[in-house]
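The structure appears right after this line, and notes come after that.
Small disclaimer: the values here were computed from a predicted structure and weren't measured.
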Amino acid sequence: MIKKFTTLGFAAFAFLAATSHGAIILDSETFGPLPPGTPAFTVALDKFNPALGTLQSVTLVLDVRTAGSSFTFDNETASSGSVTLTFAVTGSATTGGPSVLSVNTTVSKTGSGTVAADEAADGSGDFAGPDSFSLSGVGKANNFTTQSAPAFLSQYTATVPGETFLVSIANSNMTSTSAMFGNTSIVGGTFSGAVTVGYTYLLVPVPEAGTALWGACVAALSAFRRSRVRRA
């Protein structure tokens, strides 16, 4: 398993641990790069090991990045004007049943520009020249969800060592234009990311060294006193 987590995810886990006076254990899997629109797929993450302590909450974090994407508009009217483009990739991570953990996040970029009248006036977009406007770039986004209800805690607690659960990863493109009529060209590029599960839990109590030593001394003294009484 790849141990990775986002800044947002770490902040969420740290806050939960601080408020519950607990500890955190994380497990992550990365995915991609893949083209947007790739059919849903699954990755496996570890369930919580109850030998560590008492589970308090479970958090699912999704981190998505895009690269090489572009969205181009080509004006097919006889008038110049303005255009606004939005290119976005939405990713989702879903797991569980009957208690479902689901989180989604959208990498989005919006840009506005001006386009000249259609150069060729033939209704066929060449997606180049002053009658076109293009939006491209790299983006990233993340999001998380946390649950502490007993149904979730039991569902994500291992019953046998090394038990895992599956997370379904899905994605889709979203595009939009405004203010003009024409053709659009989309280059989806790639999307990649990571899904992380975090368990906030209370540690199994371990006696402090001083306390354990004092307890041993008291027990030895009691045994010594009992033996003296038996000999009297």
Side-chain angles (χ1 to χ4, degrees), residues 1-20 22-50 52 54-67 69 86-110 137-158 163-176 188-201:
M1 297 293 183
I2 303 169
K3 297 299 184 289
K4 281 186 160 184
F5 47 90
T6 63
T7 301
L8 174 65
F10 178 76
F13 296 143
F15 172 76
L16 291 170
T19 54
S20 65
I24 304 168
I25 187 169
L26 308 173
D27 188 34
S28 292
E29 282 289 352
T30 59
F31 55 85
L34 297 166
T38 296
F41 57 93
T42 59
V43 298
L45 295 175
D46 290 336
K47 287 189 175 184
F48 176 72
N49 179 1
L52 296 174
T54 303
L55 183 60
Q56 300 292 294
S57 66
V58 55
T59 300
L60 191 67
V61 178
L62 177 64
D63 180 38
V64 173
R65 298 172 180 266
T66 60
S69 57
T86 298
F87 181 86
V89 174
T90 296
S92 66
T94 305
T95 183
S99 299
V100 177
L101 280 174
S102 183
V103 61
N104 64 75
T105 188
T106 299
V107 181
S108 178
K109 187 173 183 180
T110 298
V138 175
K140 58 183 178 179
N142 49 35
N143 198 10
F144 71 94
T145 184
T146 298
Q147 292 289 345
S148 57
F152 288 93
L153 302 185
S154 61
Q155 184 170 291
Y156 295 98
T157 298
E163 188 175 6
T164 63
F165 65 94
L166 295 179
V167 183
S168 176
I169 308 296
N171 75 97
S172 62
N173 282 349
M174 296 188 303
T175 59
S176 66
T190 63
F191 87 102
S192 59
V195 60
T196 303
V197 64
Y199 300 111
T200 302
Y201 62 99

* Does the side chain of Val167 come within less than 4.5 Å of Glu29's, by heavy atoms? -> no
With side chain to side chain contact (heavy atoms under 4.5 Å, CB included) as the test, would you mind laying out the steps for Phe165 and Val197 before giving the verdict? CA-CA 10 Å; Phe165 65 94; Val197 64; 4.0 Å; yes
Would you check if Thr66 and Thr190 make a side-chain contact, meaning some heavy-atom pair closer than 4.5 Å? no
Does some side-chain heavy atom of Pro98 sit less than 4.5 Å from a side-chain heavy atom of Gln155?
-> yes
Quiz item: With a 4.5 Å heavy-atom cut-off, do Tyr201 and Ile25 have their side chains touching?
Solution: yes
- Tell me yes or no: between the side chains of Ser102 and Thr94, is some donor less than 3.5 Å from an acceptor? yes
- Do Phe87 and Thr175 have side chains that get closer than 4.5 Å, going by heavy atoms? yes
Determine, step by step, whether Thr196 and Asp63 satisfy the side chain to side chain contact (heavy atoms under 4.5 Å, CB included) criterion, reporting the C-alpha distance in whole Å, the side-chain angles of both residues, the deciding distance to 0.1 Å, and the verdict. CA-CA 8 Å; Thr196 303; Asp63 180 38; over 6 Å; no
> What's the verdict on side chain to side chain contact (heavy atoms under 4.5 Å, CB included) for Phe152 and Leu101, showing C-alpha distance, side-chain angles and the deciding distance?
Replying inline: CA-CA 8 Å; Phe152 288 93; Leu101 280 174; 4.0 Å; yes
Scanning both residues in full, the closest heavy-atom pair of Tyr199 with Asp46 reads OH-O, 2.7 Å
Side-chain contact, heavy-atom cut-off 4.5 Å: Asn143 with Leu62? no
Are any non-hydrogen side-chain atoms of Tyr156 and Thr95 less than 4.5 angstrom apart?
yes
**Report entry** Thr38 and Pro35, any side-chain heavy atoms less than 4.5 Å apart
**Finding:** yes
| Given the rule in the side chain to side chain contact (heavy atoms under 4.5 Å, CB included) test, do Asn142 and Val64 qualify, once you have shown the distances and angles that lead to the verdict? | CA-CA 6 Å; Asn142 49 35; Val64 173; over 6 Å; no
